[in-house]
Amino acid sequence: MKHDLAKIPEIIGRYPQQESSLIMVLQDIQKEFNYLPCEALEQTAEALHVPLSKVFSVSTFYNAFSLTKKGDVVVRVCIGTACHIRGARQIQEQLETALKIQAGETTRDEKFTLEVVGCVGACAMAPVVLTNEQYHAQCKVHTVKKLVSKR
Amino acid sequence: MRIESEKQLRDYRKKLIEADKKLVKKIMVCHGPGCLASGAEKISAEFEKQLKKKRIKGVSIESVKKTGCHSFCEKSPLVAIEPAQVLYTRVQIRDVAEIIEKSVKGDDVIERLVYHDPKTDEAIEKYPDIPFYKHQTRIALRNLGKINACDIDDYIRVGGYDAAVKAVLHMTPDEVIDEVKKANLRGRGGGGFPAGRKWESCRKIEADVRYVVCNGDEGDPGAFMDRAIMEGDPHTVLEGMIIAAYAIGAKDGYIYVREEYPLAVINLQKAIEQAEAIGLLGDNIMGTSFSLRIHINRGAGAFVCGESSALMMSVAGHVGEPRAKYIRSVQKGLYDQPTVLNNVETYSNVPMIISNGADWFTSIGAPKNSGTKAFSLVGKVRHTGLIEVPMGTTLRTIIYDIGGGIQKDRQFKAVQTGGPSGGCLAEQHLDLSVDFDTLTAHGSMMGSGGMIVMDERTCMVDVAKYFLSFLVSESCGKCIPCREGLYQLYKLAIAISEGRGKEEDIARMERLSDHVVVGSLCGLGKSGPNPFLSTVANFRDEYLAHIVDHKCSAGVCKELIKFEVITEKCDGCMACISACAVNAITGKKKQPHIINQELCTKCGACVAACNRDAIAVF
Ligand SMILES: Cc1cc2nc3c(=O)[nH]c(=O)nc-3n(C[C@H](O)[C@H](O)[C@H](O)COP(=O)(O)O)c2cc1C
Ligand code: FES
């Protein structure tokens with residue numbers, strides 16, 4: 001995926017140029033690029049008059065932010081309680097084996113990133129896996145690999 | 001049009017009801033969390049597509065309503081035909097034409113698609129007769145499954161904004177507070193603090209600026225009640241907040257929504273715009289001097305931000321670290337101004353209290369615990385879904401009558417409430433009444449409403465380990481007893497689950513838990529050891545089995561278990577062989593297979609693939 005860093009000022013400009021906009025600005029940048037490019041952190045710090053260290057602190061505190069690039073498809077395995085009880089760990093292991101990466105990593109070809117997340121709010125349909133925004137309900141251990149087989 | 005009097009609202013509603021009568025049939029396609037995950041959007045699109053082509057008297061595309069969670073998620077996608085109250089379950093695209101032909105055009109019921117009692121196989125056509133719905137009382141979830149989620153007209157038609165108009169135009173702020181106090185509405189976000197008292201203390205503080213904040217962070221993994229409300233009935237949240245803001249004198253409100261809930265943000269935003277358009281939000285609400293702007297803040301994936309002071313830090317753009325509470329947030333909260341923070345479900349109850357009165361509200365529920373509580377009933381229970389029951393209902397009623405018992409008729413083991421701050425209750429607690437005080441007295445807590453049912457295949461050491469691991473990664477790190485203490489507890493739990501534990505570890509963990517509880521600032525650390533403490537209190541034998549016998553009877557802890565084919569049951573279908581990622585299973589067609597223990601990674605794929613239950617885990 002190619003990133004157009006020229007978009008950063010426009011994103012920062014969507015909110016009042018003050019400290020309280022920090023999280024919202026970073027969320028929009030994360031959404032656009034799927035991670036927080038270094039340039040974006042610097043420009044945000046400058047525009048919102050916040051020390052770069054604070055921008056860095058916020059970017060690393062919250063799980064929603066990532067400082068490294070993600071794959072085209074982000075596979076998120078829910079490991080919330082309901083999903084855990086119904087075998088989310090096995091689902092996670094199957095995906096790790098199939099993609100040959102651990103949770104939190106991206107495949108070398110940058111196609112897939114595997115993540116775990118604590119509840120996506122579809123607990124009644126556990127275990128749940130998301131590929132980008134797409135939900136997959138009641139996943140089965142022996143068939144879940146199919147979600148990442150279109151490599 | 002702007003609504004500036006009770007009469008205007010009533011007249012407008014009359015018009016809406018008249019228009020609605022023209023629709024003789026409605027097709028309620030559930031767009032709740034479970035149904036969306038099972039493809040509900042495709043189903044509603046198919047209904048619209050087919051209805052466009054057909055001419056049926058009194059039916060148009062308007063008849064297709066995309067409702068909030070109808071609640072019987074286990075059977076999703078759900079489609080209800082109103083006013084007949086027929087509920088179709090597990091609806092597929094190929095069923096749509098038949099439903100239109102038989103139940104929309106005609107008045108027949110398609111037996112194949114309705115709920116069947118698992119024991120008697122009797123078909124139950126109308127959903128109010130299904131046990132899952134029969135034992136419920138709906139206040140906070142009253143509109144879910146009944147109205148179009150993103151349509152203020154639908155909300156007004158069923159009585160919406162009556163309470164806001166009543167409060168703002170006909171009651172003083174003190175009267176509103178008194179009513180909520182009399183109703184004894186306790187916070188539904190977990191703590192159970194009386195909302196009326198909170199509002200009163202906030203109002204009493206001298207200040208120019210005050211805030212109302214809605215906690216939609218729903219960090220409890222395994223819970224989705226707040227999501228269902230925010231997505232499926234956003235106006236009820238706004239109405240509750242309008243009433244609260246009027247009562248305390250706030251001009252700005254914030255809703256803090258968990259980042260995993262993008263649809264909640266969209267629907268709340270739409271609802272805010274709709275309410276502003278008719279003068280129920282914004283400047284000079286209903287033509288009075290009362291103004292309120294509601295803003296939405298998206299969370300960024302931190303459990304601790306559900307905690308009140310951390311949430312307010314996060315709204316202000318900082319890292320979400322809780323602070324000590326000698327000054328409460330009703331005095332100095334968001335931006336250091338007096339702030340009322342309530343949970344989504346708490347706000348959803350408020351309009352009903354104002355409309356129907358405190359006496360009505362206290363007539364429901366248990367002593368000191370008036371009203372209802374919503375739960376997400378999930379885990380190993382047969383009927384998962386979103387439920388709301390009067391407080392004082394027993395766990396047994398919830399799990400066995402509403403939930404239909406345990407999946408595959410396995411043995412019940414425990415039920416977990418209160419999320420990572422809560423605990424696990426056992427068989428002997430099944431007849432306890434579900435309310436704030438009883439659950440706390442027995443080592444668990446009400447929490448925000450996750451109710452996770454566990455069966456014999458759930459290992460309690462693993463559950464404790466799971467919650468500890470969750471808390472270790474979610475602790476903000478400010479208090480060392482929480483950050484390091486929970487980590488040590490986690491490490492000890494791992495050791496026990498791997499068969500490396502010692503008997504004295506349990507006492508050591510109990511002692512360490514005390515330190516964590518005493519030494520932490522916020523609820524995360526203070527209640528963090530609860531999942532461990534409650535499992536060890538109720539399931540000590542299971543801990544000892546791991547430590548002394550190196551056995552995990554639930555078949556969960558990998559280091560202590562083995563997978564083996566039961567030769568008599570195996571019919572040699574080779575399903576497990578193709579499921580195994582490490583080629584640990586061998587065998588010929590129609591002959592019993594064998595698992596190579598050296599190669600087996602105990603991933604469980606073979607067990608899931610076998611449909612004869614021929615692989616034993618022990
Ligand atoms: C670690 C932690 C996480 C919390 N998470 C939530 C949450 O996700 N949602 C919520 O409503 N309350 C949560 N709370 C409780 C809030 O601090 C607060 O008590 C509540 O939002 C007040 O609203 P209520 O009185 O209406 O329940 C959490 C508390 C702690 C200590
Ligand atoms: S626990 Fe997985 S969706 Fe909630």
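Below, chains carry the letters A, B, ... as their sequence lines are ordered, and counting in each starts from 1. Keep in mind that the numbers below use all heavy atoms, side chains included, and drop hydrogens, waters and symmetry copies.
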(message) Can you list everything that forms a side-chain contact (heavy atoms from CB on, under 4.5 Å) with A:Ala82? Sequence neighbours excluded, please.
(response)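 Partners of A:Ala82 under the side-chain contact (heavy atoms from CB on, under 4.5 Å) test: A:Cys123, A:Ala126, B:Val378.
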Minimum-distance pair of heavy atoms, taken over all atoms of [X] and [Y]:
X: B:Ile452; Y: A:Ile85; answer: CG2-CG1, 3.7 Å
X: A:Ala137; Y: B:Ala37; answer: CB-O, 3.9 Å
X: B:Gly317; Y: A:Leu22; answer: O-CD2, 3.9 Å
X: B:Gly222; Y: A:Cys119; answer: N-SG, 3.4 Å

Among [options], single out the residue with the greatest number of heavy-atom pairs under 4.5 Å to chain A.
options: B:Ala302, B:Gly219, B:Ala316; value: B:Ala316
options: B:Cys603, B:Cys476, B:Gly604; value: B:Cys603
options: B:Pro33, B:Gly34, B:Ala228, B:Gly320; value: B:Gly320

Side chain, backbone, both or neither: which part of [X] has an atom under 4.5 Å from a heavy atom of chain A?
X: B:Phe303; answer: neither
X: B:Ala575; answer: neither
X: B:Ala609; answer: both
X: B:Val463; answer: side chain
X: B:Cys606; answer: neither
X: B:Val304; answer: side chain

(request) Could you tell me which portion of A:Val117 (side chain, backbone, both or neither) has an atom closer than 4.5 angstrom to a non-hydrogen atom of chain B? (result)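 Looking at A:Val117, just its side chain touches chain B.
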(request) With a 4.5 Å cut-off on heavy-atom pairs, point out which of A:Ile91, A:Val120, A:Val50 contacts chain B the most. (result)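 Option with the top pair count is A:Val120.
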Quick check - list every chain A-chain B donor-acceptor pair under 3.5 angstrom, one line each.
residue	atom	partner	partner atom	Å
A:Gln27	NE2	B:Arg298	O	3.0
A:Gln27	NE2	B:Gly299	O	2.6
A:Asp28	OD1	B:Arg298	NH2	2.9
A:Lys54	NZ	B:His318	ND1	2.5
A:Tyr62	OH	B:Ser314	OG	3.1
A:Tyr62	OH	B:His318	O	2.7
A:Tyr62	OH	B:Gly320	N	3.1
A:Asn63	N	B:Ala300	O	3.3
A:Asn63	N	B:Gly301	O	3.1
A:Asn63	ND2	B:Gly301	O	3.0
A:Asn63	ND2	B:Glu474	OE2	3.2
A:Ala64	N	B:Ala300	O	2.9
A:Ile79	O	B:Tyr466	OH	3.0
A:Thr81	N	B:Tyr466	OH	2.8
A:Thr81	OG1	B:Pro221	O	2.9
A:Thr81	OG1	B:Tyr466	OH	3.4
A:His84	NE2	B:Asp462	OD2	2.7
A:Arg86	NE	B:Gly379	O	2.7
A:Arg86	NH2	B:Gly379	O	2.7
A:Arg89	NH2	B:Val556	O	3.3
A:Glu93	OE1	B:Lys558	NZ	3.0
A:Glu93	OE2	B:Lys558	NZ	3.0
A:Gly118	O	B:Arg258	NH2	2.7
A:Cys119	O	B:Arg258	NH2	2.6
A:Val120	O	B:Arg227	NH1	3.0
A:Gly121	O	B:Arg227	NH1	3.0
A:Ala124	O	B:Thr384	OG1	3.0
A:Tyr135	OH	B:Arg227	NH1	3.2

